[in-house]
Amino acid sequence: MSPRIGVVTFPGSLDDGDAARAVRIAGAEAVRLWHADPELHGVDAVVLPGGFSYGDYLRCGAIARFAPVMRTLVDAARDGLPVLGVCNGFQILCEAHLLPGALTRNGHLHFRNRDQVLRVEANGTAWTNAFHPQQEILIPVKNGEGRYVADERTLDELAAQGRIVARYLGENPNGSQRDIAAISNEAGNVVGIMPHPEHAVEELTGPSLDGLGFFTSILKHLAGAPA
């Protein structure tokens, strides 16, 4: 029986279909979850997709964090349920305090949409164990509010605890502090990433297949395989 990976749709989401397809390509069953339904329907992990959510006109993710599904998801994540937040999903995880820091307007105040090289720096998480340490990958980035910020103490803690999951290589597309592209919680079951791995899982549409590693990682994690 294939693992069941939930993909949450908020009003305004536009990458939920891509995330569900990436889950299926990796070999899991994609279970569509609705933001207003507090039930997780027995899924083994959850993806919060990118592509906007209602209330972003106030601050990205600030209203979405109060959705009924998030009330259930926050407790489940704190109990160990694997959760991946991509772009807007990353913003929601920070607003829900499952991850520290915040995502603000890009430093140059322009939207960025391009293929981006990252370096995977932490491959011990539930979502990155399929990568090699320091592996360089190419996946798309597209955001207007993707600048990761936190106080210096938090940034130092993330680095010391090996929770900076990926950094931008080359030009930093949004001015994120310390070139941070992705972080995790202390347990490694919750990961937030600003670029879009779900858009790099097929030769026809992606710049690479490097994004698939995030989705095969969760299958490996759920199977109990060592990182």
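Rounded to the nearest 0.5 Å, atoms OG (S184) and CG (L99) are 7.5 Å apart. Atom CZ of residue R105 and atom CZ of residue R59 lie 14.5 Å apart, to the nearest 0.5 angstrom. Between the CE atom in M70 and the CG atom in D75 there is a gap of 10.5 Å [rounded to 0.5 Å]. Atom-to-atom distance recorded for C87:SG and I193:CD1 is 10.5 Å, nearest 0.5 angstrom. To the nearest 0.5 Å, atoms CG (N88) and CG (N143) are separated by 11.0 Å. Atom CD1 of I5 and atom CZ of R24 lie 12.5 Å apart (nearest 0.5 Å).
Using a cutoff of 4.0 Å between basic side-chain nitrogens and carboxylate oxygens, E202 and R21 are scored as salt-bridged. A salt bridge does not link R163 with E121: every distance from a Lys NZ or Arg NE/NH1/NH2 to an Asp or Glu carboxylate oxygen is 4.0 Å or more. Here E29 pairs with R4 in a salt bridge; the nearest charged N to carboxylate O distance falls below 4.0 Å. With respect to E136 and R167, no salt bridge is recorded, no charged nitrogen being found less than 4.0 Å from a carboxylate O.
Applying the ring-ring contact (aromatic ring centres under 6.0 Å, His included) test to pairs two or more places apart or on separate chains, those with a residue in residues 172-215 are F131-F214, H196-H199.
Under a 3.5 Å cut-off, the side chain of Q91 and the backbone N or O of E145 do form a donor-acceptor pair. Between the side chain of S217 and the backbone N or O of N129, at least one donor-acceptor pair lies under 3.5 Å. A donor-acceptor pair under 3.5 Å links the side-chain atoms of W127 to the main chain of N189, judged by distance alone. One N or O on the side chain of T125 and one on the backbone of T128 form a donor-acceptor pair closer than 3.5 Å. Within the 3.5 Å criterion, the main-chain N or O of V23 finds no donor-acceptor partner in the side chain of E198. The backbone N or O of D15 lies less than 3.5 Å from no partner atom in the side chain of S13, so there is not a single donor-acceptor pair. With hydrogens and angles disregarded, no donor-acceptor distance shorter than 3.5 Å links the side chain of D44 to the backbone of L222. A donor-acceptor pair is defined here as one N or O able to donate and one able to accept, closer than 3.5 Å; no such pair exists between the side chain of R147 and the backbone of G107. Under a 3.5 Å cut-off, the side chain of E157 and the backbone N or O of T154 do not form any donor-acceptor pair.
Counting non-hydrogen atoms of neighbouring residues, nucleotides and ligands closer than 6.0 angstrom, the CZ atom of R114 exceeds 12 such neighbours. The local environment of CD in E203 is sparse, with at most 12 non-hydrogen atoms from other residues, nucleotides or ligands closer than 6.0 Å. Residue H41 places its NE2 atom among more than 12 non-hydrogen atoms of other residues, nucleotides or ligands, all under 6.0 Å distant.
Residues R119 and Q135 have side chains that never bring a donor and an acceptor to within less than 3.5 angstrom of each other. Side-chain contact, D179 with N172: a donor N or O sits under 3.5 Å from an acceptor N or O.
Shown here for I139 and P207, the closest heavy-atom pair between the two residues is CA-CG, 4.5 Å. Here the closest non-hydrogen pair linking V46 and V8 is CG1-CG2, 3.9 Å. The minimum heavy-atom distance linking T216 with A130 is given by the pair OG1-CB, 3.7 Å. When all heavy atoms are compared, the tightest approach of A22 to L212 is O-CD1, 4.2 Å. Across V190 and A77, no two heavy atoms sit closer than the pair CG2-CB, 3.9 Å. Of all the heavy atoms in P195 and A181, the pair that sits closest is CD-O, 3.7 Å.
Taking hydrophobic clusters as Ile, Leu, Val, Met, Phe, Trp and Tyr residues chained together by side-chain heavy-atom distances below 4.5 Å, V165 does not share a cluster with L138. In terms of hydrophobic clustering, with Ile, Leu, Val, Met, Phe, Trp and Tyr side chains grouped at heavy-atom distances under 4.5 Å, V74 and L40 are assigned to a common cluster. By the criterion of side-chain heavy atoms lying less than 4.5 angstrom apart, applied directly or through intervening Ile, Leu, Val, Met, Phe, Trp or Tyr residues, L219 is not grouped with L209; the two fall into different hydrophobic clusters.
Of the candidates L73, V191, I92, L73 is the only one forming a side chain to side chain contact (heavy atoms under 4.5 Å, CB included) with V83.
Proximity of L155 to Q177: side-chain heavy atoms (C-beta onward) are separated by under 4.5 Å at one or more points. Looking only at side-chain heavy atoms (C-beta outward), D16 and R32 come within less than 4.5 Å of each other. Under the 4.5 Å side-chain criterion, counting only non-hydrogen atoms from C-beta, V120 is in contact with I137.
Listed by chain and residue number, Y168, S176 satisfy the side chain to side chain donor-acceptor pair (under 3.5 Å) test with N174 (two or more places apart in sequence, or in another chain). In this view, D115 satisfies the salt bridge (charged side-chain N to carboxylate O under 4.0 Å, His left out) rule with no residue, not counting sequence neighbours.
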